[in-house]
Chemist: 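Structure provided below as C-alpha cells; questions to follow.
Residue numbers start from 1 in every chain, and the chains themselves are labelled A, B, ... in the order their sequence lines are given, proteins ahead of strands. What you see is a predicted model, and the numbers here were worked out from it, not measured in a lab.
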Amino acid sequence: MPVALELRNKTTTELEPVPPYNFDANLHKPSHFPSSGDIWEKGMYWMTMVWNGQELGLRFENIGTIYKPRVRINVYSPDKLSKEFIDNLIPEIRWRFNFELDISEFCDKFKSDKVLGPLIEKWEGMKPIAASSLYESLVIYIVLQNATVKRTVQMMENLYGNFGKKVKFDEKVLSSFWPPSQIAESTEQTLRDLKLGYRAKYILRISEQFSKGEIDEFALRQKGRDEIKKEMLKLYGIGPASVEYLLFEDFYFCGSIEKIPPWERKIMSRLLFNTELVPSEKIVKFFRKNYAGWEKLSFHYIWEDIFWKRKYEHIEWLENEIRL
DNA sequence: CATCAGGGCCCTG
DNA sequence: CAGGGCCCTGAT
C-alpha cells in the first residue's frame with residue numbers, strides 16, 4: 001500500500017442549505033455499508049472526493065440548525081486551488097449533498113401522521129444524499145448486487161486498494177476513488193482477481209463508457225425521472241434494483257416505489273405489518289395510499305430510523321435479517 | 001464433504 | 001416472460 005497523499009492546503013467556505021436540513025441524518029446513513037472513504041461523527045463529517053481529476057478531502061462541520069442550516073466546509077488539496085476551481089466545485093457540493101431540494105411540504109404534511117409523525121419529529125430535514133459522482137454510485141450499486149454486506153465491503157475495499165488512493169487530511173487517512181479511466185485501462189481478469197466475480201464485466205464496461213465521456217451526468221440531472229430510468233437501464237449491469245436506488249439516492253426523486261429488494265421487504269414487513277413476510281405489492285400499496293408523491297422519502301424515514309436505533313441498541317430480529 | 005442463498009442481471013429459448 | 005448461470009463466501 002503506497003503512502004497517503006498529503007492534502008496540506010485548506011480552503012474554507014460556508015454554505016446554507018435550503019431548510020429543513022438535518023446535518024447528521026444527511027451526512028450519515030446508518031443503513032449503508034461501512035467504507036474507508038468517509039467518517040461521520042455527530043456534527044462533523046469527512047470524506048474524499050475526486051473533482052476534475054484532483055483528489056480532495058472534504059470536512060463538513062455543522063454550524064447551524066435544522067431550520068437555519070449552515071455548514072462550514074473545509075476543502076483540502078495537495079496544492080492551492082484556483083478561485084475558478086472552487087467556484088466550480090461549490091455548486092457540485094450543493095448538488096451532491098442535496099442542499100437545494102425543499103422537503104418542507106413533506107415534513108408539514110405528515111408531521112401528525114401516526115407512523116411518520118414521530119420520525120419527522122426526530123429526523124426532520126433528512127433527505128436522500130448522493131455524496132458520490134454518478135460513476136461512483138454505479139460502482140457501489142454493482143458491488144451491492146447479490147452479495148452480503150461483508151462481501152460488498154470486501155469488493156469495495158479491494159477496488160479502493162487497487163485503483164484508488166489513500167489521502168491524508170485533518171489527521172484522517174481515507175480512501176479516495178479512482179478516475180474511470182484507471183479501470184477502463186485495466187482488464188476483466190484484474191477485476192476478477194479482486195473477487196468481483198461476474199460483476200467484473202459490468203464495472204469494466206461502465207468504466208469504459210465514463211472514461212470515453214459517453215455519459216453526461218450533468219445533462220441527466222436536468223431530465224425527468226422516466227428518461228433517466230430509461231438511460232440508466234441501458235447500462236450493462238444496471239437493472240431494476242440498481243435503478244431504484246439511483247432514482248432516489250442520486251437523482252432525488254422522492255415519489256413512487258417500484259421495486260423492493262428482498263431484505264428490505266423482510267424488514268419492512270416486520271416494521272409495518274408485524275409479519276414475517278408480506279408481498280412487495282402490499283408494501284408498495286401502503287406507501288402509495290398513505291404518502292402519495294412522497295413514497296420513497298417516507299420509506300427512507302422509516303428505514304433509516306431503524307438503523308439509527310441499531311447503532312445504539314441491539315435489535316435481535318434485525319440482526320438476523322442483516323447478513324454480515 | 002457438498003449444497004445453497006445472498007442487498008441482481010444477462011442471456012437464452 | 002421464465003429460468004438457468006454466474007463469482008464468492010459462510011451457513012448448514
Chemist: Please walk me through it: do A:W95 and A:W51 pass ring pair (Phe, Tyr, Trp, His ring centres under 6.0 Å)?
Modeler: CA-CA 13 Å; A:W95 167 267; A:W51 182 243; over 10 Å; no
Chemist: Take atom CD of A:E249 and atom C1' of B:dG7, then tell me their distance rounded to the nearest Å.
Modeler: 12 Å
Chemist: Write down the distance separating the C1' atoms in C:dA2 and B:dG7, rounded off to the nearest Å.
Modeler: 23 Å
Chemist: Please state whether the rings of A:F106 and A:W294 are parallel, tilted or perpendicular, taking 30° and 60° as the class boundaries.
Modeler: tilted
Chemist: Under 3.5 Å, is there a donor-acceptor pair between the side chain of A:S269 and the main chain of A:V278?
Modeler: yes
Chemist: With A:Y21 as reference, evaluate A:W123, A:F99, A:Y67 under the ring pair (Phe, Tyr, Trp, His ring centres under 6.0 Å) test and give the passing residue.
Modeler: A:F99
Chemist: Roughly, in whole Å, what's the span from CD in A:Q145 to C1' in C:dT9?
Modeler: 17 Å
Chemist: Suppose we screen for side chain to side chain contact (heavy atoms under 4.5 Å, CB included). Which residues come up paired with A:I66, at least two apart in sequence or across chains?
Modeler: A:P20, A:N22, A:E124
Chemist: If you draw a 6.0 Å radius around CD in A:E214, do more than 12 non-hydrogen atoms from other residues or ligands fall strictly inside?
Modeler: yes
Chemist: Applying a 4.0 Å non-hydrogen cut-off, can you work out what A:S242 is touching in the nucleic acid: base, sugar-phosphate, or nothing?
Modeler: sugar-phosphate
Chemist: CG of A:N146 versus P of B:dC10: gap in Å, rounded?
Modeler: 13 Å
Chemist: Just to be sure I understand the geometry, which residues of residues 227-237 of chain A put a non-hydrogen atom under 4.0 Å away from DNA chain B?
Modeler: A:L235, A:Y236, A:G237
Chemist: What residues in residues 189-203 of chain A put a non-hydrogen atom under 4.0 Å from any atom of DNA chain C?
Modeler: A:R192, A:K195, A:G197, A:Y198, A:R199
Chemist: A:E14 and A:R70: salt bridge (Lys or Arg N to Asp or Glu O under 4.0 Å), yes or no, with the steps?
Modeler: CA-CA 7 Å; A:E14 292 181 9; A:R70 194 170 173 83; 2.7 Å; yes
Chemist: For the residue pair A:R205 and A:Y236, would you count it as a cation-pi contact if the rule is NZ or CZ under 6.0 angstrom from the ring centre and within 45 degrees of the ring axis?
Modeler: yes
Chemist: For the pair made of CG in A:N158 and C1' in C:dC7, what is the distance, rounded to whole Å?
Modeler: 13 Å
Chemist: Is A:I238 touching bases, backbone alone, or none of the nucleic acid, heavy atoms closer than 4.0 Å?
Modeler: sugar-phosphate
Chemist: Using Watson-Crick and G-U wobble pairs whose two distances are both under 3.5 Å, how do you write the pairing of DNA chain C as dot-bracket, with | for links to another strand?
Modeler: ||||||.|||||
Chemist: Answer yes or no: is there a donor N or O on one side and an acceptor on the other, between the side chain of A:N98 and the main chain of A:K127, under 3.5 Å?
Modeler: no
Chemist: Could you please name the option among B:dG8, B:dG7, C:dT9 that lies closest to any side-chain atom of A:Q154?
Modeler: C:dT9
Chemist: More than 12 heavy atoms of other residues, nucleotides or ligands under 6.0 Å from CD of A:E121: yes or no?
Modeler: no
Chemist: How would you list all residue pairs meeting ring pair (Phe, Tyr, Trp, His ring centres under 6.0 Å) that involve residues 213-235 of chain A, not counting sequence neighbours?
Modeler: none
Chemist: Can you check the A:L159 CG to C:dC8 P distance for me, whole Å?
Modeler: 14 Å
Chemist: I'd like to know whether the aromatic ring centres of A:Y45 and A:H28 sit less than 6.0 Å apart in this structure.
Modeler: no
Chemist: Where along residues 128-135 of chain A does a heavy atom come under 4.0 Å from DNA chain C, residue by residue in number order?
Modeler: none
Chemist: Give every pair of a protein N or O atom and an N or O atom of nucleotides 10-12 of chain C that lie under 3.5 Å apart, one pair per line with the distance.
Modeler:
from   : atom 1 : to     : atom 2 : distance (Å)
C:dG10 : OP1    : A:K150 : NZ     : 3.2

Chemist: Do any pairs count as a side-chain hydrogen bond (donor to acceptor under 3.5 Å, both in side chains) and have a residue in residues 174-185 of chain A, sequence neighbours left out, and if so which ones?
Modeler: A:S36-A:S175, A:Y135-A:W178, A:K166-A:S175
Chemist: Which of residues 254-262 of chain A have a heavy atom under 4.0 Å from DNA chain C?
Modeler: none
Chemist: Could you please spell out the steps behind the salt bridge (Lys or Arg N to Asp or Glu O under 4.0 Å) verdict for A:R225 and A:E227?
Modeler: CA-CA 6 Å; A:R225 186 181 181 282; A:E227 181 140 8; over 6 Å; no
Chemist: Whole-Å distance between B:dG7 C1' and A:M156 CE?
Modeler: 15 Å
Chemist: Look at the rings of A:Y312 and A:W308 and say which category their plane angle falls in: under 30° parallel, 30 to 60° tilted, over 60° perpendicular.
Modeler: parallel
Chemist: Here's a test of your reading of the structure: between A:R205 and A:Y141, which maps to the more 5' nucleotide of DNA chain B?
Modeler: A:Y141
Chemist: Quick one: name the residues clustered hydrophobically with A:Y76, using the 4.5 Å side-chain heavy-atom rule over I, L, V, M, F, W, Y, and just say none if it's on its own.
Modeler: A:L5, A:L7, A:I39, A:M44, A:W46, A:V167, A:F169, A:L174
Chemist: Short question: side chain of A:K29, backbone of A:A25 - any donor-acceptor pair under 3.5 Å?
Modeler: yes
Chemist: Between B:dC9, B:dG7, C:dC8, which nucleotide has the shortest distance from any of its atoms to the side chain of A:W263?
Modeler: B:dG7
Chemist: Looking only at atom P, what distance separates B:dA5 and C:dG3, rounded to whole Å?
Modeler: 15 Å
Chemist: May I have all residue pairs that pass side-chain hydrogen bond (donor to acceptor under 3.5 Å, both in side chains) and include part of residues 280-293 of chain A, sequence neighbours excluded?
Modeler: A:D113-A:Y291
Chemist: Expressed in whole Å, how much space separates the P atoms belonging to B:dT3 and C:dG5?
Modeler: 14 Å
Chemist: For A:Q145, is there any backbone N or O sitting under 3.5 Å from a side-chain donor or acceptor partner on A:R199?
Modeler: yes
Chemist: I need the CG-P distance between A:L144 and B:dG6, as an integer number of Å.
Modeler: 16 Å
Chemist: Round to the nearest Å and state the distance from A:E244 atom CD to B:dC9 atom P.
Modeler: 11 Å
Chemist: Can you list everything that forms a side chain to side chain contact (heavy atoms under 4.5 Å, CB included) with A:A131? Sequence neighbours excluded, please.
Modeler: A:M47, A:F97, A:I129
